[in-house]
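Numbers for residues simply follow the sequence, beginning at 1.
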Amino acid sequence: SSSSSSSSSSSTSGGEVVGSLVTAVNSGGLATTFLDIPFDADKYYAGGTVSVTADPINGVNEDTLFQSERYGAYQYEIPVSSANYDIRLYFNELYHTADAARLFDVAVENTTVMNIDLFGMAGHDMAYVHTLKNIEVSDGSLSISLNASVDNGTLSGFAKVSYKHIRAHETVLELVF
């Protein structure tokens with residue numbers, strides 16, 4: 001028997017967000033809409049710094065969400081009801097142009113869920129989306145934190161909906177773990 005890699009690349013298209021959208025936030029940016037989903041201006045954060053680019057973003061027709069970021073060591077504390085949620089994290093490497101120039105971890109509810117070399121995974125100015133399924137929150141606050149080992153962690157936005165209700169809208173790079 002043989003084993004395969006623990007991750008693979010895929011593209012998704014079509015579909016819609018169904019169910020109850022709880023929160024969508026444009027990290028480092030103003031209120032915007034992406035694929036008919038309203039994203040609030042950046043909020044619920046502690047720490048980090050904002051950066052914005054005017055570069056066109058590959059993989060999407062609507063660039064705005066991916067043209068801003070909150071970077072550095074920071075945390076989001078999003079008020080929620082105790083429940084299970086799917087979390088969609090939106091990324092774009094808007095600065096670095098080489099592998100391993102930015103290495104960081106993403107922790108959700110104090111558990112590391114991703115170790116990221118964003119350029120190595122997606123390249124420069126490429127929309128990248130990662131969905132976390134069935135995240136249990138029992139303390140009334142969804143915690144998302146980024147901690148870097150090289151340079152800074154970065155996030156362009158996030159959306160959370162009730163469990164099993166996120167579907168992709170248009171082709172974006174998404175790694176499946």
Please tell me whether N58 and D125 have a donor and an acceptor in their side chains that are separated by less than 3.5 angstrom. no
Among side-chain atoms of T53 and D55, is any donor-acceptor pair under 3.5 angstrom? yes
So how far is it from [X] [atom1] to [Y] [atom2], rounded to the nearest 0.5 Å?
X	Y	atom1	atom2	value
E136	T111	CD	OG1	10.5 Å
I135	I87	CD1	CD1	6.5 Å
I144	Y74	CD1	OH	9.0 Å
L30	D40	CG	CG	11.5 Å
E62	T64	CD	OG1	8.0 Å
T23	Y85	OG1	OH	8.0 Å

Judged by atom type as modelled, is there a donor-acceptor pair below 3.5 Å linking the side chain of [X] to the main-chain atoms of [Y]?
X	Y	result
H124	E93	yes
E77	P79	no
N26	T32	no

Before we go on, tell me: are the rings of Y90 and F39 under 6.0 Å apart, centre to centre? yes
ILVMFWY network linking Y71 to Y95, side-chain heavy atoms under 4.5 angstrom: no
Would you say V113 ends up clustered with I78 if hydrophobic residues are merged whenever their side chains have heavy atoms under 4.5 Å apart, either directly or through other cluster members? yes
Show me the donor-acceptor pairs, under 3.5 Å and distance only, between side chains in residues 145-159 and residues at least two apart or in other chains.
from: D151; atom 1: OD2; to: H96; atom 2: NE2; distance (Å): 2.8
from: T154; atom 1: OG1; to: E69; atom 2: OE1; distance (Å): 2.3
from: S156; atom 1: OG; to: S68; atom 2: O; distance (Å): 3.0

Paired with Y128, the side-chain contact (heavy atoms from CB on, under 4.5 Å) test is passed by just one of L118, N92, I57, namely L118
Any chance you could lay out the side-chain contact (heavy atoms from CB on, under 4.5 Å) test for K43 and V25, step after step, and finish with the verdict? CA-CA 7 Å; K43 60 183 180 179; V25 172; 4.3 Å; yes
Grab the two heavy atoms, one from K133 and one from D86, that are nearest each other, plus how far apart they are. CA-OD1, 3.3 Å
Measure across S82 and S138 and return the closest heavy-atom pair with its distance rounded to 0.1 Å. OG-O, 3.2 Å
Quick one: which residue pairs count as a salt bridge (charged side-chain N to carboxylate O under 4.0 Å, His left out) with a foot in residues 107-122, not counting sequence neighbours? none
Contact between [X] and [Y] at the side-chain level, heavy atoms closer than 4.5 Å - yes or no?
X	Y	answer
S51	L94	yes
S27	Y76	yes
I116	M114	yes
L89	V129	no

Decide ring pair (Phe, Tyr, Trp, His ring centres under 6.0 Å) for F66 and F34; before the verdict, give the C-alpha distance in whole Å, the side-chain angles of both, and the deciding distance to 0.1 Å. CA-CA 10 Å; F66 297 95; F34 178 67; 5.4 Å; yes
Does a side-chain N-to-carboxylate-O contact under 4.0 Å join R70 and D42? yes
side-chain contact (heavy atoms from CB on, under 4.5 Å) between V106 and F91, intermediate numbers included: CA-CA 12 Å; V106 176; F91 299 95; 4.2 Å; yes
If the condition is side chain to side chain donor-acceptor pair (under 3.5 Å), which residues does T49 pass it with, not counting sequence neighbours? none
